[in-house]
Amino acid sequence: MGESTPAIVVEDLYKRFGALEVLKGISLRAHEHEVISILGSSGSGKSTFLRCINLLETPESGKVYVQGELIRMRPKRGDRIVPEDLKQVERIRSKLAMVFQQFNLWAHMTVMENVIEAPLRVLKVPKAEALERGEQMLQKVGMYDRRDYYPAHLSGGQQQRAAIARALAMEPQVMLFDEPTSALDPELVGEVLKVMRGLAEEGRTMLVVTHEMDFAREVSSQVMFMHEGLVEEYGIPSEVFERPKSERFRQFMSGLLR
Amino acid sequence: MHWDVVLDNWQLLLQGLWTTILYVSASLALGLILAIPLSILRSSSNRFLSWPVWAFTYFFRGTPLLVQIYLIYYGLGQFESVRESFLWPVLREASWCALIGFTLNTGAYVTEILRGAIQATPYGEIEAATACGMSRAQTYHRIIMPGAFRRALPAYGNEVIFMLHGSVVAGVITILDIYGAAKKINALTYTYFESMLAAAVLYMLIVYLITRVFKRAESRWHAHLRPRTE
């Protein structure tokens with residue numbers, strides 16, 4: 001079997017907030033079934049990088065390919081770029097489900113309504129099918145018995161599992177996790193990580209911005225360490241964690257162990 | 001006390017009650033329809049879209065309803081160009097002037113109520129909609145506006161009551177609403193206290209019904225805000 005098309009290719013991404021350069025040329029290649037953990041201290045640009053992939057942030061320059069399809073951008077007013085075709089961006093976003101640090105469930109909808117909303121409206125799945133798929137996904141994350149609850153009536157861990165079910169219901173090609181456990185009480189982190197481990201075992205393609213070192217070490221196929229907008233370290237977890245080449249990553253690790 | 005004058009003129013009061021309900025509900029409905037697009041424009045970051053709406057709401061919230069109705073009903077008729085235009089058959093009628101004035105007035109208030117509710121949308125909810133591929137229009141339709149309507153409900157309930165009380169202005173420009181009916185009874189019988197108290201009771205009755213409706217609406221649409229009960 002030949003090399004298949006990578007799920008995500010990012011080439012030379014630059015991003016600036018005002019005078020602050022957040023990303024200074026980041027590239028990444030994620031093949032199908034890969035789990036890539038993106039590590040870094042706060043301010044390293046790791047969340048911004050993830051958010052540039054589905055264009056929640058617009059980079060200054062760089063290319064993003066999803067399953068070989070380039071997100072077309074055009075220059076606008078000097079050094080900025082904007083999407084050439086919003087319809088293309090929306091279609092590509094629907095293949096890249098995102099899970100947020102703050103869950104971002106829709107407060108006026110029940111768990112089940114949250115889960116079926118985008119399949120119904122974006123993918124135009126028939127309602128019966130969307131409900132059936134929603135039930136499966138909620139069972140998978142252990143939230144089926146809470147399907148009629150509103151988000152405000154759930155714990156953080158439950159909300160995050162519901163948000164993961166919402167992402168799964170889109171049957172995404174790639175899942176983007178933006179610090180999914182950082183807003184959770186310590187005792188609730190485990191239940192979310194357990195669901196994520198299950199997804200990794202299913203062979204889902206995942207990009208995970210995280211501070212969970214055990215997850216990065218045990219679950220990911222690649223680890224990427226970012227520092228001040230640059231990739232400092234990249235490789236398979238055993239290599240990266242056992243024999244880090246970068247002094248910064250060593251400092252980062254020892255800082256965590258402190 | 002001459003309560004018999006109230007009883008003798010019950011048909012007049014009933015007609016006034018019906019007229020008030022008709023004007024208030026029609027202008028509330030039209031005002032809401034007007035306010036939905038205006039509130040979206042008003043909350044836009046594009047100044048060319050938000051500024052004209054701001055000017056509109058500033059005028060209608062910044063001046064008394066009575067003055068607005070006088071401007072429309074008596075003021076516009078002063079201009080020959082208006083009297084000769086196709087609009088004159090509408091603008092010479094007190095009923096149309098009241099309906100237009102009420103609609104623009106409540107439309108302005110509701111625009112600002114909704115604008116506040118739209119701008120209070122948690123940004124994460126919009127990002128989640130964007131991230132799963134919803135278009136801007138879908139995000140407004142499914143996420144922003146449904147949330148905004150729910151947040152706006154208590155303030156909107158107040159606006160409905162204010163609009164009801166503001167509608168006495170119809171009685172001032174010859175329309176036979178509740179206040180108009182009471183005024184007429186008083187003119188026939190010189191019983192200010194009895195006729196105005198009869199009007200007051202009818203207004204209170206409507207307010208009672210309005211608060212009941214909004215209580216039910218809140219229990220239905222604010223389920224997601226209630227404390228958890230199990």
Side-chain angles (χ1 to χ4, degrees), chain A residues 50-51 53-57 86-111 113-124 146 148-155 158-159 162-163 166-172 175-178 183, chain B residues 36 39-40 43-48 113-157 214 216-230:
Chain A
L50 196 72
R51 292 161 56 83
I53 294 175
N54 63 356
L55 287 183
L56 283 185
E57 306 283 355
L86 262 182
K87 285 279 153 235
Q88 186 207 20
V89 174
E90 284 161 11
R91 183 166 47 76
I92 283 176
R93 279 174 178 153
S94 72
K95 300 180 186 182
L96 306 173
M98 192 170 220
V99 176
F100 299 86
Q101 184 176 352
Q102 300 294 340
F103 331 130
N104 295 353
L105 291 170
W106 297 308
H108 63 283
M109 296 182 188
T110 63
V111 165
E113 286 166 346
N114 264 279
V115 170
I116 63 173
E117 179 65 19
L120 284 178
R121 304 285 159 175
V122 178
L123 305 179
K124 317 281 186 203
R146 300 278 154 119
D148 294 327
Y149 280 55
Y150 287 100
H153 301 158
L154 298 170
S155 74
Q158 290 169 331
Q159 287 190 55
R166 174 174 71 175
L168 287 170
M170 292 297 281
E171 300 189 336
M175 298 185 76
L176 309 174
F177 290 84
D178 186 7
Chain B
I36 291 168
S39 62
I40 293 172
S43 53
S44 164
S45 55
N46 183 337
R47 265 183 300 168
F48 293 101
I113 291 171
L114 278 179
R115 174 196 60 89
I118 288 171
Q119 288 178 339
T121 306
Y123 194 66
E125 292 194 21
I126 299 173
E127 278 201 337
T130 307
C132 60
M134 282 196 207
S135 68
R136 198 83 192 126
Q138 281 175 325
T139 306
Y140 266 102
H141 175 211
R142 298 296 306 171
I143 308 299
I144 299 176
M145 294 316 282
F149 283 131
R150 286 167 170 81
R151 275 188 291 281
L153 206 52
Y156 185 67
F214 274 88
R216 292 195 67 162
E218 284 184 28
S219 79
R220 169 160 181 196
W221 282 305
H222 281 182
H224 65 299
L225 300 175
R226 268 199 297 274
R228 174 160 49 176
T229 49
E230 348 168 30

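Everything numeric here is computed off the predicted structure, so don't read it as measured data. No hydrogens, no waters, no symmetry mates; every other heavy atom, side chains included, goes into these values.
Annotation for A:E90 and B:S135: closest pair OE2-CA, 3.4 Å, computed over non-hydrogen atoms. Contact detail for A:R93 and B:T130: the closest heavy-atom pair is CD-O, 3.1 Å. Between A:R121 and B:Q138, the closest heavy-atom pair is O-NE2, 2.9 Å.
Of the atoms belonging to A:L105, it is backbone heavy atoms, and not side-chain ones, that fall under 4.5 Å from chain B. With a threshold of 4.5 angstrom between heavy atoms, A:R91 does not approach chain B through any atom at all. When heavy atoms are compared at a cutoff of 4.5 Å, A:L96 approaches chain B solely by way of its backbone atoms N, CA, C and O.
The distance from atom CG of A:N104 to atom SG of B:C132, rounded to the nearest 0.5 Å, is 11.0 Å.
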Using atom types as modelled, flag every donor-acceptor pair under 3.5 Å from a side chain in residues 115-127 of chain B to any protein atom, sequence neighbours excluded.
residue: B:R115; atom: NE; partner: B:E112; partner atom: OE1; Å: 2.8
residue: B:R115; atom: NH1; partner: B:Q119; partner atom: OE1; Å: 2.9
residue: B:R115; atom: NH2; partner: B:E112; partner atom: OE1; Å: 3.2
residue: B:T121; atom: OG1; partner: B:I118; partner atom: O; Å: 2.6
residue: B:T121; atom: OG1; partner: B:R151; partner atom: NH2; Å: 3.1
residue: B:E125; atom: OE2; partner: A:A107; partner atom: N; Å: 3.3
residue: B:E127; atom: OE1; partner: A:R51; partner atom: NH1; Å: 3.0
residue: B:E127; atom: OE2; partner: A:R51; partner atom: NH1; Å: 3.2
residue: B:E127; atom: OE2; partner: A:R51; partner atom: NH2; Å: 2.5

For residues 217-225 of chain B, please give each side-chain donor-acceptor pair under 3.5 Å, one per line with the distance, not counting sequence neighbours.
residue: B:S219; atom: OG; partner: B:R216; partner atom: O; Å: 3.0
residue: B:H222; atom: NE2; partner: B:R150; partner atom: O; Å: 2.6
residue: B:H224; atom: ND1; partner: B:W221; partner atom: O; Å: 3.3

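For chain B, the option among A:E117, A:M170, A:M98 with the highest count of heavy-atom pairs below 4.5 Å is A:E117.
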